[in-house]
There are 4 protein chains.
Amino acid sequence: MSVRVGIIGVGVMGADHARLLASQVPGAVLQAVYDADATRARAVADEIGAQSVAADALTMIREPTIDAVLVASPDTTHQELTLACIAARKPVLCEKPLAPTAAECREVLAAETKLGRRLVQVGYMRRFDPAYVEMKTTIASNRLGAPLMFHCVHRNVAAPSWFDSRMAVSNSAVHEFDIARWMLDAELAAVQVFRPKAARDDSPGAPVFLVLETTRGHLVNIEIFIDATYGYDVRGELVCEKGTVSLAQPSRTEINLDLARGGAYPADWRPRFADAYRLQAQAWVGAIASGAIAGASAWDGYAAAAVAEAGLQSLAENRSVSISLIEKPPLYK
Amino acid sequence: MSVRVGIIGVGVMGADHARLLASQVPGAVLQAVYDADATRARAVADEIGAQSVAADALTMIREPTIDAVLVASPDTTHQELTLACIAARKPVLCEKPLAPTAAECREVLAAETKLGRRLVQVGYMRRFDPAYVEMKTTIASNRLGAPLMFHCVHRNVAAPSWFDSRMAVSNSAVHEFDIARWMLDAELAAVQVFRPKAARDDSPGAPVFLVLETTRGHLVNIEIFIDATYGYDVRGELVCEKGTVSLAQPSRTEINLDLARGGAYPADWRPRFADAYRLQAQAWVGAIASGAIAGASAWDGYAAAAVAEAGLQSLAENRSVSISLIEKPPLYK
Amino acid sequence: MSVRVGIIGVGVMGADHARLLASQVPGAVLQAVYDADATRARAVADEIGAQSVAADALTMIREPTIDAVLVASPDTTHQELTLACIAARKPVLCEKPLAPTAAECREVLAAETKLGRRLVQVGYMRRFDPAYVEMKTTIASNRLGAPLMFHCVHRNVAAPSWFDSRMAVSNSAVHEFDIARWMLDAELAAVQVFRPKAARDDSPGAPVFLVLETTRGHLVNIEIFIDATYGYDVRGELVCEKGTVSLAQPSRTEINLDLARGGAYPADWRPRFADAYRLQAQAWVGAIASGAIAGASAWDGYAAAAVAEAGLQSLAENRSVSISLIEKPPLYK
Amino acid sequence: MSVRVGIIGVGVMGADHARLLASQVPGAVLQAVYDADATRARAVADEIGAQSVAADALTMIREPTIDAVLVASPDTTHQELTLACIAARKPVLCEKPLAPTAAECREVLAAETKLGRRLVQVGYMRRFDPAYVEMKTTIASNRLGAPLMFHCVHRNVAAPSWFDSRMAVSNSAVHEFDIARWMLDAELAAVQVFRPKAARDDSPGAPVFLVLETTRGHLVNIEIFIDATYGYDVRGELVCEKGTVSLAQPSRTEINLDLARGGAYPADWRPRFADAYRLQAQAWVGAIASGAIAGASAWDGYAAAAVAEAGLQSLAENRSVSISLIEKPPLYK
């Protein structure tokens, strides 16, 4: 009943995925590893105990010894590799984004639709985060009444060198686009991006603030601040008719020292979402073993990409932009 | 050195002011009380020990035994009474708003300017709240770098019977307009009001969400939710270049009971801002004794009214509205 | 109806009391100030606006222009001055402790008993702290069932130069003795003091840990740590049959900075108990005006001293020590 | 490299262990399951997919197809089964306690010593809890100076029907005994048990309060309250020379509702220590694969039992009791 996985791309994300599959996911076999940097592929394979290093990604996808594929290579390669997996009828967990544009994502929808079944899971791992899951369970219980607004905050310590200011929308806020759609069970219908001009203009990590509406009339707002300096901090508060539910601060210990009391922030997303990545990997392998797909679908990947496109347009044109999605194919209903 | 105060209007707010002056403000003498409802005026005067009940507000203002006036009568009477105080050269603490429209506020500015000195303090008491003051002190220390964004939340338990949905902007959000101007040391330059359509349309207490920009480029956003049900809850987080500072939850005790842990919310603003009202009253009387004015000025009252007008226009027209203020008279610099 | 107060001792505590009476207590008149250091007395009188500086404490107590006396002179003088106030039939607010020994306190009980009415309030100000009051109200509501245990923590930044290790019991823990008696409505019946030997032996501010039983069977434990370094921190949790209630952390703002989140601790007790001192002063003057006594009585001062004596014996002999009080005179029932 | 595990006892605890091994521990194979109740053994084996159901525990231990044994049968059987595992040279994870008495534990030490290597891990899973681990890491960093005191609280919702009041010490507090020894790197040297008499005498779940000293002079105190009603709540605060570190409240979300704000408590230990059990299982299997032993040793099991014995004596005799351990065999150093 084991699932033999091939991993494409073993940079920071891909190597973490490989470690998770090896150490936390019974039933997963790390069959092969591919990376454009063969030395890196070899090193990760040796560290984690992968069976082999693949010489070519597309060939590896087609290998009969590979049951499923995890794509963690650069964003621009995601769509091509995902289409290759569909062609080879292999389940694939593709890191977000599914593709840089909504148009490219639609090709994935078309390929799955043509095949007649779903093989693609997109790595929007927050859907597996126990805190977001608890939030969704609370909403479902209806104790708080219907949700009206969702306030989101997403802060990083510092923008990496390769960051440009549009990526706050296209690369960071997409996590919130996906989690808001999933939490509220609605599509996003309009987006407007604001920028505090008090921030230094030349800083790619300066904050942006997004206000979105859903098809069901919820208001979603999102602060993205890549250069927030003080720590990696993701927050969410869902405001409902009779009460609110918010993500708790995830500190494990609190310290009293030097006239201050408090908890620590991690420097990046890994400690905060370690559970989410582990549970996502387990759910993916578990679903494959039982012939199903868990988590965010290709449709979800498409929808997030469409919102990101509209968001970038709003950022450029400084006005509210409507989001129009294609009709949802029956496969995704 | 005592200040003999006449109070106009002793409903809930005015009676609370009277009690504070009597029990918490050395140097204040409760000289006279006026209310359109003479029975109520008599009852409050007796309870609190006022020297007399006045038969007429305007006459009382001119009485030589009255050194200063506190106006807590209905909003529509504020401007006329304040102008009467200026005419009588009596310092006046006028409950917010200074007047329902910016135009009426400008008449107060003109009257003070003509007189050549300031007599008017507007009751934006949050400027005296120790938590907001601590926030401002933190910003001034520059530990966190320059402020970029100010997130504000203002929730009530339920809209009173006389509430209409425009009042969320004109009556509630004005507190945030004033505190944001004061905190950021900037005027508000534009406002856009959003409404989550998921809320029931006929509810005057349904939430609104405002996004504002300041003249110095800060972004301010404000959630006002009058029917929030769960409690009176005012929050603020100031996001700066290197860190953030937020108002702490003001619970005094925490309880563990019935599988839950937590603090209590008050049902209205009085426990939350008790300190602010007390310190405002002390500062007002103290400043009068030394010939000065503390707290929000007539200019501040005018600015808040101008933002509210623009906000109401945005609410009606569903677009961003610029706020244009008259040039600031030298008296207020 | 004003109360003319004479203050004896205007060091840190006494000067703070004088400022409170002048700025926060309508009805109080700062009639005279005495201090063994006449220059200091003069300076405080000038700063705060006292009517006069007294040349002698005992004479001042007897002056007909003095209605009530506040004693904030060194601990060893408290009893003599309090007895003088009783002899002069003047209400007195005596800083804690009432006297260094239980035997001396009993003389105060005898003097009041002989007079046939109570004039003495002891400055156990925590009884006026809104958080402790809210805790007591919660217990009284019986939502949590009967109280069983009271966990107390009392930490300071550093021991002052004049501190010796016995004072952790006799000078600091007395606040917890009083508040536990008041909170649980019971006398303390036995005390056992533990010392963590891991602390450096020669440190007067090293921690002690006390376990006490009340006459009604509650367990009270108290950590006193004078050299706790990180901040002034007072905590309490009352464990009841069905739940617990604890003092909340009193921070007004929270800061995110440098990979940490949290609130600040004050360096000493003054910010933490500012409300308690203010409310105590108002209650004292208010009660005098109406011929009554508020707060901790001479009996409470005696009981705390008796527990402290037993605690010191336990510290010296390293065993549990019973606390035996005299029969409570009817005046204090 | 897989480890074939036989599980003895599949009640609540044992079945949870079986699920963890099957779903969270790559490298573990659920080879056989034994339970005195054969029907229950069959049901768990079917649910989780164990290879077989064993007819007899001791026979199963000796089977060559079994590489390692997990003992989760009733407490009184632990020692005999552990000795059988040692005799069969099989690594064993024995649920706590290792044995009901210190004398029985010593026989396990003797057996391992005779064998010359360690095979026994005792299920004190808190050593794997990320919060306790973070606390220990903080201490090791020396940021807070040397630890002086450890305050522990351990509360359950209600005592199960089979509970007697001695079990608060022998069955519940043993978790704190072990974690305190591990955290402070010291043995416990003396224990004194207090009982609040205010609690109803006939209640087996009434609170007890323990004060312990370590061989290195730390003070450890522990509240155990089985009938705490409000929730499962485990707390710890380590007080050091320059600061303190405490376990944070582990809520994942916070809710505002009905004039209250806060987080939820679980009804039992499983949500609170889910990570600890998972990480313990992974560490155990991982260590076996590399020929080592992780977590609490037989010595640790013995030490906890010895403290529990002394604690029960203190409870009975109402005095401080010294704890004397045998000399530590070199195998455990």
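Computed over heavy atoms, backbone and side chain alike; hydrogens, waters and symmetry mates excluded. Throughout, a chain's letter reflects where its sequence line sits, starting with A, and its residues are numbered from 1.
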- prompt: Can you name the residues that form a ring pair (Phe, Tyr, Trp, His ring centres under 6.0 Å) with D:Tyr265, not counting sequence neighbours?
  reply: D:Tyr230
message: Suppose we screen for ring pair (Phe, Tyr, Trp, His ring centres under 6.0 Å). Which residues come up paired with D:His175, at least two apart in sequence or across chains?
response: D:Tyr124
task: Would you please classify the geometry between the B:His17 ring and the B:Tyr277 ring as parallel, tilted or perpendicular, with 30° and 60° separating the classes?
output: perpendicular
query: What do the steps show when you test B:Arg155 against B:Arg235 for side chain to side chain contact (heavy atoms under 4.5 Å, CB included), and what is the final call?
result: CA-CA 9 Å; B:Arg155 297 176 186 151; B:Arg235 304 190 210 162; 2.9 Å; yes
query: Of all the residues in residues 164-172 of chain D, which have a heavy atom that comes within less than 4.5 Å of a heavy atom in chain B?
result: none
task: Pull out the residues in residues 255-264 of chain D that come under 4.5 Å of chain B, heavy atom to heavy atom, sorted by number.
output: D:Asn256, D:Leu257, D:Asp258, D:Leu259, D:Ala260, D:Arg261, D:Gly262, D:Gly263, D:Ala264
Between [X] and [Y], is there a donor-acceptor pair closer than 3.5 Å when you use the side chain of the first and the backbone of the second?
X        : Y        : answer
B:Ser141 : B:Ile139 : no
D:Gln192 : D:Ser314 : no
B:Glu213 : B:Ala190 : no

message: For a side chain to side chain contact (heavy atoms under 4.5 Å, CB included) check, start with the C-alpha distance between D:Arg126 and D:Glu176, then their side-chain angles and the critical distance, and finish with the verdict.
response: CA-CA 9 Å; D:Arg126 289 194 189 177; D:Glu176 272 77 17; 2.7 Å; yes
task: Before accepting this row, confirm whether a basic side-chain N of the pair B:Arg127/B:Asp178 lies closer than 4.0 Å to the acidic partner's carboxylate O.
output: yes
